[in-house]
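See below for the structure under consideration.
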Amino acid sequence: DVAAALELAKRNELKLCFSLMDYLWLQDRTGKPAEHANEQVLQFAAGREGFLHRVLIPMFREFREHPALFAWEIANEPEWAIREFHRQPAAKMHFADFRAFAEEIAQAVHEFAGVPVTLGSASLTWVRAWSELGLDFYQAHYYPVQDPSRKSGLGRQLACMPLLDKPLWLGELPARDDAASGYSLKRSLTDCRDAGLFGAAVWRWTAPEKTGSDAHLGSVDPEVLAAWNSTLSSRNASA
């Protein structure tokens, strides 16, 4: 699947950032019906080491410096599985345990993959928790519902962030948000540009299921991106 995805990306002159694991895989599912035989493998040290050496490192080697590979993302929003961040029954992993595992993955990417490594933090306020992993760039996700005051907006949050020692990429930015009347994708993209971010990615590109939890976020409209890019190009030409 990875090879097929990278080949499609190469044909279309795209680059991909693959996420190696999701927080749902990191959460403890004890007591729930097992959907996969290995779904608890990351809950213990030996399982994590086996996953790194038997699955991840061979994959890094196989696709080393592939022209369509942008980066490897260690995990998607791991904070939702870590008890120090998220006080829910399924979040039983300790920060120290996951941090040590994430650092091993970052080192393996640098040694065997030949591309940058990042981690998709669930919030801008948590980015600094991952500052000592050896990441090549930081990454955070932004949704209006995560705004502590619900009023400050993305631009204000970015302006109030402490100085980081690596570039910051906004890995998820909603195409729209029906629950936040003042939200604007174009304004948010402009906020990212004005803050000097490494880049921003829009959630999502395919239409969500009508009954899905992210149905209110919709999907990206290429015309909106084209209009924003046109405006940006005009400003750059004027400057």
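Glu39 and Pro33 get closest at one heavy-atom pair: OE2-O, 4.1 Å. Taking all atoms of both residues into account, the shortest heavy-atom contact from Asp177 to Tyr183 is N-CD2, 3.8 Å. Residue Ala75 comes nearest to Ser19 through the heavy atom pair C-OG, 3.8 Å, listed as atom of the first residue, atom of the second, then distance. Minimum interatomic distance between Asp136 and Val115 (heavy atoms only, all atoms of both residues): OD2-O, 4.3 Å. Considering every non-hydrogen atom in both Ser121 and Glu79, the closest pair reads OG-OE2, 2.6 Å. Contact record, Ala140 with Val127: CB-CG2, 3.4 Å, taken as the closest heavy-atom pair.
From Trp205, atom CH2 reaches atom OG of Ser219 across 9.5 Å, with rounding to the nearest 0.5 Å. Note that CD of Glu103 is 9.5 Å distant from CD1 of Ile74, once rounded to the nearest 0.5 Å. The CD atom of Gln146 lies 11.0 Å from the CG atom of Leu154; values are rounded to the nearest 0.5 Å. Here the straight-line distance linking atom CG of Leu14 with atom CG of Leu8 works out to 9.5 Å at 0.5 Å rounding. Within the model, atoms CE of Met93 and CZ of Phe44 stand 10.5 Å from one another, a figure rounded to the nearest 0.5 Å. The line from CG of Leu225 to CG of Leu189 is 6.5 Å long, rounded to the nearest 0.5 Å.
With respect to the salt-bridge test (charged N to carboxylate O, under 4.0 angstrom), the residues Glu49 and Arg54 do not qualify. Salt bridge Asp178/Arg176: present, at least one basic N to carboxylate O contact under 4.0 Å. Salt bridge present: Asp214 and Arg204 bring a charged side-chain N and a carboxylate O closer than 4.0 Å.
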- Would Val109 and Glu73 satisfy side-chain contact (heavy atoms from CB on, under 4.5 Å), going step by step from the backbone distance to the final call? CA-CA 10 Å; Val109 172; Glu73 178 186 286; over 6 Å; no
- Task: Evaluate side-chain contact (heavy atoms from CB on, under 4.5 Å) for Met21 paired with Phe51, printing each intermediate quantity in order.
- Result: CA-CA 11 Å; Met21 65 193 87; Phe51 180 56; 4.0 Å; yes
- Query: Under the side-chain contact (heavy atoms from CB on, under 4.5 Å) criterion, do Leu158 and Tyr142 qualify, and how do the steps go?
  - Reply: CA-CA 10 Å; Leu158 291 173; Tyr142 172 79; over 6 Å; no
- Message: Test side-chain contact (heavy atoms from CB on, under 4.5 Å) on Asp97 and Arg48; report intermediate values, then the result.
- Response: CA-CA 10 Å; Asp97 293 335; Arg48 293 192 289 271; 4.0 Å; yes
- Going through the distances and angles, do Glu132 and Arg99 end up as a salt bridge (Lys or Arg N to Asp or Glu O under 4.0 Å)? CA-CA 9 Å; Glu132 298 180 0; Arg99 186 192 175 286; 3.3 Å; yes
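Listed by chain and residue number, nothing satisfies the ring-ring contact (aromatic ring centres under 6.0 Å, His included) test with Trp228 (two or more places apart in sequence, or in another chain). For His66, there are no ring-ring contact (aromatic ring centres under 6.0 Å, His included) partners at least two apart in sequence or on another chain. Every side chain to side chain contact (heavy atoms under 4.5 Å, CB included) that Asp28 has, sequence neighbours left out, goes to Thr30, Gln40, Gln43, Lys92.
Annotation for Arg64: atom CZ counts as buried by contact number, over 12 foreign heavy atoms lying within 6.0 Å. The number of heavy atoms from other shown groups lying within 6.0 Å of NZ (Lys15) is above 12. Other residues, nucleotides and ligands contribute over 12 non-hydrogen atoms within 6.0 Å of the NZ atom of Lys166. Atom CD of Glu223 is surrounded by 12 or fewer heavy atoms from other residues, nucleotides or ligands within 6.0 Å.
Screening Tyr23, Trp25, Trp130 for a ring-ring contact (aromatic ring centres under 6.0 Å, His included) involving Phe98 leaves a single residue, Trp130. Tyr138 pairs in a side chain to side chain contact (heavy atoms under 4.5 Å, CB included) with only one of the listed residues (Asp165, Thr118, Leu170, Leu197), which is Asp165.
Between Trp169 and Phe137, the ring planes lie perpendicular to each other; the angle is over 60°, past the 30° to 60° tilted range.
A centroid separation of less than 6.0 Å is found between the aromatic rings of Phe85 and Trp126.
Note on Leu24: it clusters hydrophobically with Leu42, by side-chain heavy-atom contacts below 4.5 Å among ILVMFWY residues. A chain of hydrophobic side-chain contacts below 4.5 Å, direct or via other Ile, Leu, Val, Met, Phe, Trp or Tyr residues, connects Met59 to Phe101. A chain of hydrophobic side-chain contacts below 4.5 Å, direct or via other Ile, Leu, Val, Met, Phe, Trp or Tyr residues, connects Val224 to Val220. Both Leu16 and Leu119 sit in one connected hydrophobic cluster of ILVMFWY residues. Membership requires side-chain heavy atoms under 4.5 Å apart, directly or through other members. No single ILVMFWY cluster, assembled from side-chain heavy atoms under 4.5 Å apart, contains both Val202 and Phe70.
Residues His141 and Gln139 bring a donor and an acceptor atom of their side chains to less than 3.5 Å of each other. Side-chain atoms of Glu172 and Tyr143 include a donor-acceptor pair closer than 3.5 Å.
Ser230 contributes no side-chain N or O that, together with a main-chain N or O of Ala226, makes up a donor-acceptor pair within less than 3.5 Å. Under the 3.5 Å distance criterion, the side-chain polar atoms of Ser131 are matched with a main-chain donor or acceptor of Arg128. Between the side chain of Asn76 and the backbone N or O of Asp22 there is no donor-acceptor pair closer than 3.5 Å.
Under the 4.5 Å side-chain criterion, counting only non-hydrogen atoms from C-beta, Trp203 is not in contact with Leu173. The closest side-chain heavy-atom distance from Ile57 to Phe112 is below 4.5 Å.
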